[in-house]
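To keep things clear, I will list the structure first and then write my remarks on it.
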Protein chains: 2
Amino acid sequence: MPKRSKKSTILSMATLLFATKGFTNTSMTEVASMADIAGATIFYHFKTKEDLFVSVLESVKTGIVKEFSLYFQEEQFTSGLEMLLGAVAYHLHLATANREWFLLLRRHYTYELAVVNPICRKYLEDIYTCLVDIFEKALDLGQQDGSINQDLSTRKTALIILAMVDGIIQLESNNLYNAGALYGELIVSCRRMVENKQ
Amino acid sequence: MPKRSKKSTILSMATLLFATKGFTNTSMTEVASMADIAGATIFYHFKTKEDLFVSVLESVKTGIVKEFSLYFQEEQFTSGLEMLLGAVAYHLHLATANREWFLLLRRHYTYELAVVNPICRKYLEDIYTCLVDIFEKALDLGQQDGSINQDLSTRKTALIILAMVDGIIQLESNNLYNAGALYGELIVSCRRMVENKQ
DNA sequence: GTACTAACTGACTAGTCAGTCAGTTTGGAA
DNA sequence: TTCCAAACTGACTGACTAGTCAGTTAGTAC
């Protein structure tokens, strides 16, 4: 049995619960019972509930950054446009494969805490910077190789694409429409939005 | 003094609090003290806290539907494309002017309740139907008058545009970027995405 | 005035929750 | 074995919350 198994069990159970039920609706007792430990044990590893949440966010940040850097180490792209569309598709894929991560990023508490807790704010900014920079880099590359419309502001367009992808992920998890059917259409729409039409 | 002033005061205070603090983090005591009434009075007008929330959602639904129908009664458009872009701009405008409405629509509790409460679900569907239908109608019109790309599925594209607009509104309220600066860019991006390029 | 009802209230209850603390268990070093 | 610190625990507390209820007030019809 690995040494820090209980601490990491707490972390992963807390991730799941904070993501699916939210901060306030998740009780420490619940986290403890899911991790099969005594309630007080959590407070040995994490000073407060807020502290636990920030640790969860840190692990999410680490996960997201790692996944994206792995992806871009392995993949090769024929153009900036293809790289952008690949990044969008990978973002959508990650949001399905690691649903809790992106659920947590949609929780209001995350942003409310970021206002008063600088560490939380830093992790959040790191995550968004990672996501936006990938899109921006692809757009820059595409403007150089001619696959992306030259008139675009790459920064602003990167933000709009991020908002678009997030919006679709959100629409899906709202259970009102089956947005999964929209993933293909989203890629096509992105292409129409940024490609260099001659 | 109008007859139902206390009930409607409760409703508007609850709207504000549920939207900005969320359902769980808003206590009935808090609503009561903001409305300057005794705590028990709320339970005279609304059976439970959940009942109050559903009433709040109903008033938001009524407000959104009314605002959009007013807008389209007054405005005239030269093409389907212009109508679409006008609707997007008006959506963005409403999200600023009636911030609580759209904050409430981003709260997780709203969608969690919709799973178990059919009335809540109905109001939510009414709101989304209203928003999507406007975009879809504009796209249909644009395909007829030639201003919109004929290859588009108007339904799917309407959903994507809604996701995009919601995503931008969300990005703004997250306090990480000043997305207000993106409103103009968003309209331009929408145009590029759907216009009929010859 | 009287009678009646709708609107309203203060005091209360039963339950939940984050966090504390004094004490026990565990694992490894000497 | 002995010792020690880190890991862990059960029992507790004070603060807070949704909802109840018996009773009071305000408005209206006669």
Side-chain angles (χ1 to χ4, degrees), chain A residues 1-59 104 107-110 112-113 116-117 119-120, chain B residues 1-59 104 107-110 112-113 116-117 119-120:
Chain A
M1 192 143 69
K3 251 189 180 173
R4 307 205 341 183
S5 88
K6 286 207 181 181
K7 187 172 183 182
S8 68
T9 307
I10 293 169
L11 255 184
S12 66
M13 290 303 137
T15 305
L16 191 66
L17 287 169
F18 283 154
T20 54
K21 304 186 58 178
F23 182 78
T24 315
N25 287 315
T26 300
S27 74
M28 297 301 257
T29 311
E30 211 175 347
V31 177
S33 81
M34 276 199 67
D36 204 31
I37 54 164
T41 304
I42 302 182
F43 291 97
Y44 173 75
H45 292 289
F46 304 93
K47 229 177 56 139
T48 61
K49 193 183 180 186
E50 180 179 316
D51 189 44
L52 174 59
F53 185 88
V54 173
S55 299
V56 164
L57 187 64
E58 183 184 19
S59 77
L104 200 82
R107 287 278 160 193
H108 286 73
Y109 180 77
T110 315
E112 282 152 19
L113 185 61
V116 294
N117 183 322
I119 304 172
C120 173
Chain B
M1 190 146 66
K3 252 190 180 174
R4 308 207 338 184
S5 87
K6 288 207 179 180
K7 186 173 183 181
S8 68
T9 307
I10 293 168
L11 254 184
S12 66
M13 290 304 137
T15 305
L16 192 66
L17 288 170
F18 284 152
T20 54
K21 305 186 57 180
F23 182 78
T24 316
N25 286 315
T26 300
S27 73
M28 297 301 259
T29 311
E30 209 174 350
V31 176
S33 82
M34 277 200 68
D36 205 30
I37 54 166
T41 304
I42 302 181
F43 292 97
Y44 174 76
H45 292 289
F46 304 93
K47 227 175 58 133
T48 60
K49 194 184 180 187
E50 179 179 317
D51 189 44
L52 174 59
F53 185 88
V54 173
S55 298
V56 164
L57 187 63
E58 182 183 19
S59 77
L104 201 81
R107 288 278 161 192
H108 286 73
Y109 180 77
T110 315
E112 281 152 21
L113 185 61
V116 294
N117 184 321
I119 303 172
C120 173

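So you know, we letter chains A, B, ... as the sequences are listed, proteins then strands, and number each from 1.
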For a quick check of understanding: with a heavy-atom distance under 4.0 Å over all strands, which category does A/Thr24 fall into, base, sugar-phosphate or nothing?
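No contact at all - A/Thr24 keeps every heavy atom at 4.0 Å or more from the nucleic acid.
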Atom CG of B/Asp51 and atom C1' of D/dA18: how far apart are they, to the nearest Å?
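In whole Å, D/dA18 C1' lies 14 Å from B/Asp51 CG.
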Measure the distance from CZ on A/Phe23 to P on C/dT16 and round it to the nearest whole Å.
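Rounded to whole Å, this separation is 19 Å.
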Give every residue pair that meets the side-chain hydrogen bond (donor to acceptor under 3.5 Å, both in side chains) criterion with at least one member in residues 33-52 of chain A, sequence neighbours excluded.
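Counting only pairs at least two positions apart or across chains, the side-chain hydrogen bond (donor to acceptor under 3.5 Å, both in side chains) contacts touching residues 33-52 of chain A are A/Glu50-A/Asn117.
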Qualifying side-chain hydrogen bond (donor to acceptor under 3.5 Å, both in side chains) pairs with a residue from residues 13-26 of chain A, counting only residues at least two apart or across chains:
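The answer is A/Lys21-A/Glu30, A/Thr24-B/Asn25, A/Asn25-B/Thr24.
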For residues [X] and [Y], report the shortest heavy-atom separation together with the two atoms involved.
X: B/Ser5; Y: B/Ser8; value: O-OG, 3.1 Å
X: B/Arg107; Y: B/Phe18; value: NE-O, 3.7 Å
X: B/Ala14; Y: B/Val56; value: CB-CG2, 3.8 Å
X: B/Cys120; Y: B/Thr110; value: SG-O, 3.5 Å
X: B/Ala32; Y: B/Gly39; value: CB-CA, 3.7 Å

Considering the terminal five base pairs at each end of the helix from C/dG1-D/dC30 to C/dA30-D/dT1, what angle separates the two local helix axes, rounded to 10°?
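It works out to 0° between the end axes.
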Is the distance from OP1 or OP2 of C/dT26 to the nearest side-chain N or O of A/Lys6 less than 4.0 Å?
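No.
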Quick check on contacts: within residues 28-49 of chain A, what sits under 4.0 Å from DNA chain C by heavy-atom distance?
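Of all residues in residues 28-49 of chain A, the ones placing a heavy atom under 4.0 Å from DNA chain C are A/Met28, A/Ala40, A/Phe43, A/Thr48, A/Lys49.
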Interface with DNA chain C, restricted to residues 14-21 of chain B and to heavy atoms under 4.0 Å:
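The stretch gives none, as no residue of it lies under 4.0 Å from the strand.
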B/Tyr109: which residues meet the ring-ring contact (aromatic ring centres under 6.0 Å, His included) condition with it, sequence neighbours left out?
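Listed in chain order: B/Phe23, B/Phe53.
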Are the side chains of A/Leu57 and A/Ile119 in contact, using a 4.5 Å heavy-atom criterion?
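Not touching, per the 4.5 Å side-chain cut-off.
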Out of curiosity, A/Met28 CE to A/Ile42 CD1, how far, rounded to the nearest 0.5 Å?
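If I round to the nearest 0.5 Å, the distance is 5.0 Å.
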